[in-house]
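Okay, structure first, notes after.
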Protein chains: 2
Amino acid sequence: MEWDAWGLGEFRKQLSPQVLSLLSAALGVHAEQSAPPAESDVVLRPSTLTEPQRTALGHVLGAANVHTDDATRLRHAGGKSTPDLLRRKDTGSQDAPDAVVLPGSHDEILALLQWCSDNAVAVVPFGGGTSVVGGVDPERGGFAAVLALDLRRLDALVDLDPVSGTATLQAGVTGPQAEELLGRHGFSLGHFPQSFQFATIGGFAATRSSGQASAGYGRFDDMVQRLRVATPTGSLDLGRGPASAAGPDLRELFVGSEGTFGVITEVTLRVHPIPETTAYRAWSFPDFATGATALRTVIQTGAAPTVMRLSDEAETGVNLALAGDIGGDAPTAGCLAITTVEGTDAHVRARSEEVAALLAAAGGTDLGEQPARSWEHGRFDAPYQRDALLNAGAIVETLETATTWSNLVALRTAVTAALTESLAAQGTPPLVMCHISHTYATGASLYFTVVCGQTEDPLTQWAAAKQAAGDAIVATGGTITHHHAVGRDHRPWMTAEVGDLGATVLRAVKAAIDPAGILNPGKLIP
Amino acid sequence: MEWDAWGLGEFRKQLSPQVLSLLSAALGVHAEQSAPPAESDVVLRPSTLTEPQRTALGHVLGAANVHTDDATRLRHAGGKSTPDLLRRKDTGSQDAPDAVVLPGSHDEILALLQWCSDNAVAVVPFGGGTSVVGGVDPERGGFAAVLALDLRRLDALVDLDPVSGTATLQAGVTGPQAEELLGRHGFSLGHFPQSFQFATIGGFAATRSSGQASAGYGRFDDMVQRLRVATPTGSLDLGRGPASAAGPDLRELFVGSEGTFGVITEVTLRVHPIPETTAYRAWSFPDFATGATALRTVIQTGAAPTVMRLSDEAETGVNLALAGDIGGDAPTAGCLAITTVEGTDAHVRARSEEVAALLAAAGGTDLGEQPARSWEHGRFDAPYQRDALLNAGAIVETLETATTWSNLVALRTAVTAALTESLAAQGTPPLVMCHISHTYATGASLYFTVVCGQTEDPLTQWAAAKQAAGDAIVATGGTITHHHAVGRDHRPWMTAEVGDLGATVLRAVKAAIDPAGILNPGKLIP
């Protein structure tokens, strides 16, 4: 990925006339498309790794797999949140890991963690580097140096069991690599989060990622059958069989552990045959509450489609304004919902008829296939759009939560109000859009996109808005994160999330398996 | 429940002529239906609780909620495994808790655990007392006394959220009580394990129970939304929303913790509207492997019915021999499968057609509704039958495991062989029957029922067979338990299940929240 932006340079976007006019009219942002700073302008804090340490690491991993050059360090200096991207544009001294190491196997990672424990060097596991919560920031904790442990060399399909529908993938396999490796055998993982094009299997597991097809294929944590973890005190191989009553499910302690307990090196996942067919359908609902009730009816009946989403009035309106093709001849008011159903021909036919009947009965107007196909076509573009908007002087950021169905409308209202009040008070009244992208029998996720003008100090500006949103989420009974994970940015709310004793449990587990405390300091654990 | 048998005395069974003839013909057991020992014959080890301790406990819980009489102690002396029932018939001195306490609230349990920590008294949480793995045995660990903490006074429905489909129930609510409390509001939990009539919400959560309708409604651990736990170091309230990426899922550490980390006092669960209709269907498959493949096709297509089971040739044959009505005009060879589909009329129609088409295409012969209805009618009778068989001089016991689909036939073969060899070598060749009762996309459970004649020392006899079966499960890659939990009986295999470092993690969690080690010593944690 680019060092200062999402994704690949060749896909960088220019703002369309529609976006520029909306920015100006709605938010008072008069875009000056300034050129982003050049890499040569960046000043990195010098590496503190000593020459003997560098030599010793070379003995553990091979000298070619230990990098201390600025170009490599800069590309491991953080994730891709809006604050991360704003920090990358800073022309003062920037933080970065003291070295980037590329181990080639589980056993090399074990040896590396042992070396780091013995030498008091912190380690940040690094997959695709797509964190939007500061999960891969090069925090040192109390240590003199920190390494980014890049997992890209662990890129193999280890095993495929076509009968059981499971595949074992190494942690550094990216989303597209996984689909390619599995596709050769007629299988698919079905995990398509926004970060899909760059994020890795290990990262998906370590952060409890959730893909856009979660209604059909489940969250990533649901897919995990087995897990291999390297820690400073040895290895863990967790998960025996599809279900077990053999005590606490320790997989669930390492899934979501964000590199603070160990490094996930291998994951066995549920996979499924590449679908024979996909049925696309879009719907319009008169308002968000009616649409949410319709989605609830579908999921509680047990008729889960593969994808099921609902945009609120603001998001529906903006999407229609920005891309005339989305929505087709649909009404410009109301809320757009999208469903896809994948599988065998017979299954898709039966299931999509059931879903369509339920949505129509719940007040949905059928908009046909096209808006759903358009959504799928453009679903990985939003982060590129964000880069162009940031360069044009806007703030764009997203945040997400989840709650029960009965609390959903109240939570959306509270978070929207908190964001609006905070940013309006700073002189930059925002546009706050929201959608439901993940549904469960008992509740759903809420995903907010915020756009407003930048102040002089956009990092402080957004920090205040984020604080207000997080406090509103906790006060209204939501979870502090549905699929972005905790990292550094959500850590202040972790004690509210799990309680004092829950925090004690997390610290006890860490102390038992990472007694030196070298693993991803300053993240997750309060 | 009866002190020496499953269930209620009024439902005790006599062996039918068919069973007696099968026992004699197949296993050489010539039943002498001896009268079970009377309660007055039982000698309990005297309570070691001192008078000041008893008085102090009375101050914490009220004197009326502290029981040290033999009748109450005997009814908390263990669970309902075959070894438990054989031990109850022992006329030597029997072990029992030193007192049975009945706290009335979460806060009283907190105070009790504090008192026990301060006074070095062990605590065994006790729900329905249906454990078949020694989970409620009155083990003292290193302590001078042990209490059974009976949760029966925590019997309320705390909250029902009909929109989100969740209900909060106190831990002492039994299966039938839960259905009654929820049924008043039009809802059902849909959790029907063999222990349903006596076991409790807290016990289901603490042991990762799985009900017969798990294909439709999920395992009990799937149903858990929130969990309240009292520990010696304070309270935990875990679970915010239907899904979260806020770090490790600590619920999954306490679900399945079997009273070793804390006492579950309240559980918020997914519930669903009482089904409008249920479709019953039975099928015959020519052999177990064909039937297993058919079930796999259904569940991997995503067409999960509510119940889906498959008996192997032995179980099918015995059931047909014992109850002429089961199977109706079905062939006596082959393997019987049963499906039910519950829900709204439209959903059931669509889903049961899809399931039936898949099973027929996979080689199933439709046997109509009747065998499925008969199965449902008699599904809680087996433990009563076991008591009659034990009294007649037979051993009857069950054990269970789970594995991937690709390993399922090999695991069934290995466990059957291990049980058969061990018991044959002891001069009591067994009948080993097996069924699949829980299916998942990636695998299924296997439930074995073993019947043979008793030797002079049936406890030692069964222990050898159990050891052989457990070793075969571990060697063949199964989980040591799919839904019976670990307790005392599966503890020897826990390190094989989670590894040395997994065991270290369990011990670290326990040390952090139960530093005195008073909670259910000798269970689960290796």
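By convention in this document, chain letters (A, B, ...) are assigned in the order of the sequence lines, proteins followed by strands, and residues within each chain are numbered from 1. Please read all numbers here as calculations on a predicted model, not as lab measurements.
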Going by heavy atoms in the side chains, are B:Pro515 and B:Thr233 under 4.5 Å from each other?
yes

Name the member of A:Leu501, A:Asn407, A:Leu253, A:Val229 that forms the most heavy-atom pairs with chain B at distances under 4.5 Å.
A:Leu501

Counting only non-hydrogen atoms closer than 4.5 Å, does B:Leu506 touch chain A with its backbone (N, CA, C, O), its side chain (CB onward), both, or neither?
side chain

Check: A:Ala303 main-chain N/O paired with A:Thr301 side-chain donor or acceptor under 3.5 Å:
no

Side-chain touch B:Tyr217/B:Val271, heavy atoms, less than 4.5 angstrom:
no

Whatever's closer than 4.5 Å to a heavy atom in chain B on A:Thr231 counts as side chain

Answer with side chain, backbone, both or neither: which region of B:Leu269 has an atom nearer than 4.5 Å to a non-hydrogen atom of chain A?
neither

In terms of heavy-atom pairs under 4.5 Å with chain A, the winner among B:Gly343, B:Ala508, B:Gly478 is B:Gly478

Honestly, the part of B:Leu238 sitting under 4.5 Å from a heavy atom of chain A is side chain

Any sub-3.5 Å donor-acceptor pair from B:Ser209's side-chain atoms to B:Ala205's backbone N or O?
no

Under a 4.5 Å cutoff for heavy-atom pairs, which residue among B:Arg507, B:Arg219, B:Met494 has the most contacts with chain A?
B:Arg219

Honestly, the part of A:His490 sitting under 4.5 Å from a heavy atom of chain B is neither

Chain A heavy atoms under 4.5 Å from B:Val474: which part of the residue, side chain, backbone, both or neither?
both

For each of A:Gly216, A:Ala243, A:Gly234, A:Gly443, tally heavy-atom pairs with chain B at distances under 4.5 Å, and name the one with the top tally.
A:Ala243

Would you mind telling me which of A:Glu258, A:Glu252, A:His484 makes a side-chain hydrogen bond (donor to acceptor under 3.5 Å, both in side chains) with A:Arg208?
A:Glu252

Structural part of B:Thr166 lying under 4.5 Å from a heavy atom of chain A:
side chain

Which bit of A:Ile480 comes within less than 4.5 Å of chain B, counting heavy atoms only: side chain, backbone, both or neither?
side chain

Region of B:Thr439 in contact with chain A, defined by heavy-atom distances below 4.5 Å
neither

Please state whether the side chain, the backbone, both or neither of B:Phe220 comes within less than 4.5 Å of a heavy atom of chain A.
neither

Note, A:Thr481 side chain near A:Val133 side chain (heavy atom, < 4.5 Å):
no

Taking B:Thr442's backbone N and O only, do any of them form a donor-acceptor pair with B:Thr404's side chain (distance below 3.5 Å, no angle check)?
no

Given a strict heavy-atom distance threshold of 4.5 Å, which part of B:His272 is in contact with chain A: side chain, backbone, both, or neither?
neither

So, A:Thr260 side chain and A:Ser257 main chain: donor-acceptor pair closer than 3.5 Å or not?
yes

In terms of heavy-atom proximity below 4.5 Å to chain B, should A:Ala503 be classed as side chain, backbone, both, or neither?
neither

Return the option, out of B:Ala402, B:Ala304, B:Pro248, B:Ala512, with the maximum number of heavy-atom pairs under 4.5 Å with chain A.
B:Pro248

Between A:Ala444, A:Ser445, A:Gly302, which has the largest tally of heavy atom pairs under 4.5 Å with chain B?
A:Gly302

Under 4.5 Å from any heavy atom of chain B - which part of A:Leu250
side chain

Distance-only side-chain donor-acceptor flag, A:Ser164 / B:Ser406, under 3.5 Å
yes

Would you say B:His483 and B:Glu400 make side-chain contact, with heavy atoms under 4.5 Å?
yes

Is the shortest side-chain heavy-atom distance between A:Ile264 and A:Phe204 below 4.5 Å?
no

Cut-off 4.5 Å, heavy atoms of chain A, and the answer for B:Glu497 is both

Go through the atoms of B:Asp249 and report whether side chain, backbone, both or neither lie under 4.5 Å from a heavy atom of chain A.
both

Highest number of heavy-atom pairs under 4.5 Å with chain A: which of B:Asp161, B:Thr504, B:Leu408?
B:Asp161

Donor on one side chain, acceptor on other, A:Ser210 and A:His438, under 3.5 Å
yes

Non-hydrogen atoms of chain A under 4.5 Å away: do they reach the side chain of B:Ala357, the backbone, both or neither?
neither

Heavy-atom check, side chain of A:Val348 versus side chain of A:Glu276, under 4.5 Å
no

Atom group of B:His482 that falls short of 4.5 Å from chain A, counting heavy atoms
both

If we ignore hydrogens and angles and just use 3.5 Å, is the side chain of A:Thr476 paired with the main-chain N or O of A:Leu411 as donor and acceptor?
no

Donor-acceptor contact present, side-chain B:Ser188 to main-chain B:Gly190, <3.5 Å
yes

Counting only heavy atoms closer than 4.5 Å, note whether B:Val498 contacts chain A via side chain, backbone, both or neither.
both

Side chain, backbone, both or neither: which part of A:Thr344 has an atom under 4.5 Å from a heavy atom of chain B?
side chain

Heavy-atom pair count under 4.5 Å with chain A, highest-scoring of B:Ala206, B:Gly499, B:Ala246, B:Gly165
B:Ala246

Proximal component of A:Ala511, with respect to chain B [non-hydrogen, under 4.5 Å]:
neither

Mind ranking B:Ala245, B:Ser235, B:Gly241 by heavy-atom pairs under 4.5 Å with chain A and telling me who comes out on top?
B:Ala245

Sort B:Arg251 into side chain, backbone, both or neither according to what part of it lies under 4.5 angstrom from a heavy atom of chain A.
neither

Test item: A:Trp405 side-chain N/O and A:Ala292 main-chain N/O as donor-acceptor pair under 3.5 Å:
no

Given 3.5 Å as the limit, does a donor-acceptor pair link the side chain of B:Arg270 with the main chain of A:Ala441, or not?
no

